[in-house]
Amino acid sequence: MDQRSIGVFDSGLGGLTAVRELCRLLPEEDIVYFGDTGRVPYGSRSRETIIKYARQDVAFLRQFDLKAIVIACGTVSTTALDLLAAENPIPVLGVVEPAARAAAEATRSGRIGLIGTQASIRSGAYERHIAACRPRAQVIAQPCPLFVPLVENGRIRPGDVVIETVAAEYLSPLKRAGVDTLVLGCTHYPLLEPVIANYMGPEVRLVSAGAEGARAAALRLEEGDALAGRAAGRCHFFVSDRVDDFSRLASLFLQRDVTEDVEQVDISRY
Ligand code: DGL
């Protein structure tokens, strides 16, 4: 048993899709979440900047007594996981390998679509992990740079002409390619599931990187006998920009009312 908290971070609020799955699987765990809302999006930035920001995010979280850190961000997982894991004495877990494995298992035709930020697609990390599980799989990758700002602004509903237009432009090459599985390689994208599923059709299976990462993290803690084993855990939320809208937006990602406090952090100090 290990009563320490699990640290989770993302460039913004997308990582809350992983928190939602973690809380569902492990309701007894305390979670400390940091969302770098002052500097989102990361996905259009250079590798060097993403690494610098991710190191600061981890340094902030390491002030707490943690048993593991979950990088609930496709962009940081594709770009900085190995580095962060090597630099820290506690497990640092990403979302890419679990999502790639789930997609390789889900596909029947071997044609897998992948959507993510520019940095995630540029890294080739999802393709490498899919190839390791299923060498003959064909991955058709599409960066979707407008999705994160639209999600952070709540433009997620089917029927919203802005998100529907942007989604059709990004997803049409994948639909034409006849993929039967689509990896949502960014933890913001599950909020767009209704829009994406409508466009791709019911025969295409969607794999969420955040949920798969959370499942893999839960399994790792369980296998390491590191679960908290208490009655009920709590979530502590921190962001790097204004906190005013946090409860409303966070409740969209967590799909529950958010009554916990949220604190603002000056992340440049870390
Ligand atoms: N949730 C982040 C990810 O999974 C969003 C990236 C961004 O900030 O651009 O990649």
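All residue numbers refer to positions in the sequence shown, counting from 1. In listed order, ligands and their atoms are each counted from 1. Here the structure is a predicted model, which means the values were calculated and not measured.
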Query raised in the report: Would you call E105 and R101 a salt bridge, taking side-chain N to carboxylate O under 4.0 Å as the test?
Result: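 No.
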Enumerate the pairs of nitrogen or oxygen atoms, one from ligand 1 and one from the protein, separated by less than 3.5 angstrom; state names and distance to 0.1 Å.
residue	atom	partner	partner atom	Å
ligand 1	1 (N)	D10	OD1	2.9
ligand 1	1 (N)	D10	OD2	3.3
ligand 1	1 (N)	T187	OG1	2.8
ligand 1	1 (N)	H188	ND1	2.8
ligand 1	4 (O)	G74	N	2.6
ligand 1	4 (O)	T187	N	2.8
ligand 1	4 (O)	T187	OG1	3.3
ligand 1	8 (O)	S11	OG	2.6
ligand 1	8 (O)	Y42	N	2.7
ligand 1	9 (O)	Y42	N	3.2
ligand 1	9 (O)	G43	N	2.7
ligand 1	10 (O)	G74	N	3.4
ligand 1	10 (O)	T75	N	3.0
ligand 1	10 (O)	T75	OG1	2.6

Query raised in the report: Between R39 and Y53, is NZ or CZ placed under 6.0 angstrom from the six-membered ring centre and within 45° of the ring axis?
Result: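 Ring-cation test returns yes.
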Requested in this report: Please lay out, stage by stage, how K52 and E48 fare under the test salt bridge (Lys or Arg N to Asp or Glu O under 4.0 Å).
Outcome: CA-CA 6 Å; K52 177 181 153 199; E48 293 68 33; over 6 Å; no
Query raised in the report: Relative to each other, are the rings of F34 and F60 parallel, tilted or perpendicular (30° and 60° limits)?
Result: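 F34 and F60: tilted rings.
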Report task. Assign the ring pair F64 / F238 to parallel, tilted or perpendicular, where the plane angle (0 to 90°) is split at 30° and 60°. Result ->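 The arrangement is tilted - the two ring planes meet at 30° to 60°.
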Report task. Please write out which residues are connected to Y126 in a hydrophobic cluster, directly or through intermediates, given that two of Ile, Leu, Val, Met, Phe, Trp, Tyr count as joined at side-chain heavy-atom separations below 4.5 angstrom. Result ->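 Members alongside Y126: V95, V96, I112, L114, I121, I130, V139, V183.
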